[in-house]
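Lettering of chains follows the sequences in order, A, B, ..., and the numbering in each one begins at 1.
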Amino acid sequence: MTPTKTTSDVTDSRDAGLAIPADDPPTSRRHDDRDIDRADDLPVANEDRTVLVAGQWKLIWWKFRKHKLAMLGGIITLFIYFVAVFVEILAPFPPDQYNSTYPYAPPQSLHLGQVEGEFGLYVNGYAVSFDPETLARTFVIDEEVRHPVSLFAKGAPYRLWGLIPMERHLIAPDDPSHPMYLLGADRLGRDMLSRLIHGTRISMSIGLIGVAISLFLGVLLGGISGYYGGATDNLIQRVIEFLNSIPKIPLWMGLAAAIPLSLPPLHVYFLITLILSLIGWTGLARVVRGRFFSLKTEDFVTAARLDGNSELRIIMRHMVPSFTSHIIASISLAIPSMILAETSLSFLGIGLRPPVVSWGVLLEEAQNVRSIAQAPWLFWPGAAVVVAVLAMNFLGDGLRDAADPYA
Amino acid sequence: MFAYILKRLLYTIPTLFAISIMSFIIIQLPPGDYFSVLASKMAKESDTIANTAALEAMGARYGLNEPLYVQYWKWISGIVLRGDFGQSFEYNRPVSVLLWDRLGLTFLLSFSTLIFVWAVSFPIGIYSAVRKYSIGDYLGTFIGFVGLAIPNFLMALVLMYVSFKYFGRSVGGLFSPEFVNAEWSWARLMDFLAHLWIPVIVLGTAGTAGLIRIMRANMLDEIYKPYVVTARAKGLSEIRLLFKYPVRVALNPFISTVGWVLPELVSGATITAIVLSLPTTGPLLLRSLISQDMYLAGSFIMMLSVLTVLGTLISDILLAWLDPRIRFK
């Protein structure tokens, strides 16, 4: 940090930078009154001038863009959150729509060809056969039967975000009574694809809300710990060590099992989130504390203090903006662990409970070997968890590298 | 060294105290208290006079009608002084009878996994640092990341599915049926080891992933330092050079990570055991939580935490013994 950095500069770079600029590095030199970190140390003659005038967020973006895996992770993460936002449109059916004719129906594939005299999308029907001994139904895809399927077809009416009445679905059978199970059906003949998409919203939002609470606790306690140091710091560090030294899943189980069964699903959702974040804030607190420790002796903080700024103003205006990027990286690494925790609890049957649909709740169906041997497509929510967690880990890793000026 | 151990032991005491408070809170959390459940259960079962006396005796034993801190004191002093963890009302047996066997197996499983994690991540970590950006490095990193992203229970499920589908047998448990209740013997040990590898792999992947990355980063910090260049310039062979200097320096953080690997392993062991129905603490803990058998559940949570903290304590002392920088700080 250059000592010349003033209050207005910091505010400016933060405000301008929050929306990460998506444009390419400018080829022509731009007028920019922002300072560059450690500009004095750089061999100016050899450096491209554009680098020297770029703001902090622009530098981070350029560095991040070079990290291919992180870019891919970022794109997948954005896609998953896009799905979570437009759940009702993207899912062909409501999550609880069942059809007792088709329990454990295998996945169909989407075809393009002649159907009912027209060229279009279709899925094949099922031929059902009974095993006379076990009375078990087996489904075979019937190549002869073709059910037309359309994009933005009319299906079950719904309210988008509980507000806008709509009835179009991204993809749905023309005749709603025809089966369409692109990812197969579960034991009640419910569409796995629809349930998976609906589960996305709950699973991904629990990560976000949980991390928001963790972030609040982490920044507050980590900030206090790092800023004041001494006995306060020691106490908070002992609390963190304590929380880190106990096995989390048994503790989560103990707390989650105390949630009364009679509570409405929404309350259970918030309680679970609260439980997860009450134990999950420690990682963020450590990051914040570390940054506070390294920043509080910096010249620009001393300068701000000598200028007579209040403590709160020093923290909010001068210190926080210079580690926002680190916080964002830590957040993107904390969300996947929240998602995994929720999935594990719901899988055990003591987290979220039906009728709420989350990936963990869906995986509960896959708990015994016989049902997954019969219907391996019950694993799909598991695949979704793995993809989401991997993508966010890559994203977080890339962000962390990009935010670190020395890496 | 002695002063360090003493200081470390002193730090452990408040942690253990906090763990006991936390477990007590978990026992007290569910709405409706344990004794009313027990009373209604007993009333249903048989004549009331004998049971009223029994109930009153238990009420006095746990300080039922007294304030919470008295209850806490009676509970914790029973554990510390007499090894009395209370009564499991579902099994109608003392908790301590149910506890030790399963705790023992849980820790056997966790420590086997820890050894596995070390054995695997040590060579891979060194390799990917020395051959940075080679195919092997990328492969190791990738496998590590996948291990990190697949939740334990999912991996257990997939392994179960694969062995059921392709080998026609269901995996699970830690012993074959004929050995479940047998005494420990050579044959039982062999049988145990034959069952152990699946939970060990399931549990170990996540920790391995983390440790590979730590080992790699530590090695990368060391191998470009001047002392390594000097040693190389003096004509030391690459392998000897590697193991004589940078590996030894890089090893310390490797051991200190036991502090977070162990809680993760115990935590993961709980859920993996439920899926694979291992005779460890996991399934019994889940069952006791669902049936609100809180003395059993609370004791499990407490003892799992206590043993984890003690494991971490041992690893810290080991680390201080290995690394003078820590014991003289």
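Put simply, CD on A:Glu241 and OH on B:Tyr11 are 8.0 Å apart, with the number rounded to the nearest 0.5 Å. For the atom pair B:Phe153 CZ and A:Ile249 CD1, the distance stands at 9.0 Å (nearest 0.5 Å).
Heavy-atom distances place both the backbone and the side chain of B:Leu289 under 4.5 Å from chain A. Proximity to chain B involves both the backbone and the side chain of A:Leu390, based on heavy atoms less than 4.5 angstrom apart. With a 4.5 angstrom heavy-atom cutoff, A:Ser337 does not touch chain B via any of its atoms.
Of the listed residues (A:Leu251, A:Val385, A:Asn244), the greatest number of heavy-atom pairs within a distance under 4.5 Å of chain B belongs to A:Leu251. Your options are B:Gly311, B:Ala297, B:Gly268, B:Pro263, and the one with the most heavy-atom pairs under 4.5 Å with chain A is B:Pro263. Among B:Thr281, B:Ile271, B:Ile290, the residue with the largest count of heavy-atom pairs under 4.5 Å with chain A is B:Ile271. Here B:Leu157 is the residue among B:Thr312, B:Leu157, B:Val309 with the most heavy-atom pairs under 4.5 Å with chain A. Of the listed residues (A:Thr343, A:Ile339, A:Val387, A:Val239), the one with the most heavy-atom contacts under 4.5 Å to chain B is A:Thr343. Ranked by heavy-atom pairs under 4.5 Å with chain B, the list A:Val389, A:Leu363, A:Leu348 is led by A:Leu348.
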Table please: side-chain donor-acceptor pairs of residues 301-308 of chain B below 3.5 Å, with sequence neighbours left out.
unit_1   : atom_1 : unit_2   : atom_2 : d
B:Ser305 : OG     : B:Ile301 : O      : 2.7
B:Thr308 : OG1    : B:Leu304 : O      : 2.5

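Put simply, the side chain of A:Phe347 does not reach to within 4.5 Å of the side chain of B:Leu154, judged on heavy atoms.
Using cut-offs of 30° and 60° for the angle between ring planes, the A:Phe379 and B:Tyr161 rings count as perpendicular.
Across all non-hydrogen atoms, the minimal contact from B:Ile150 to A:Val386 is CG1-CG2, 3.9 Å.
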For this session: Before giving the answer on side chain to side chain contact (heavy atoms under 4.5 Å, CB included), spell out for A:Lys248 and B:Val266 the whole-Å C-alpha distance, their side-chain angles and the decisive distance to 0.1 Å.
Result: CA-CA 9 Å; A:Lys248 286 193 177 60; B:Val266 173; over 6 Å; no
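Within a 6.0 Å sphere centred on CD1 of B:Ile135, heavy atoms belonging to other residues, nucleotides or ligands number 12 at most. Enclosure of atom CH2 in A:Trp377 by more than 12 non-hydrogen atoms of other residues, nucleotides or ligands within 6.0 angstrom is indicated. Heavy atoms from other residues, nucleotides or ligands lying under 6.0 Å from CZ of A:Phe293 number more than 12.
The stretch residues 13-26 of chain B places B:Thr15, B:Ala18, B:Ile19, B:Met22, B:Ile26 near chain A, each with some heavy atom under 4.5 Å from a heavy atom of that chain.
Formation of a donor-acceptor pair under 3.5 Å by the B:Thr270 side chain with backbone atoms of A:Pro250 is not found in this model.
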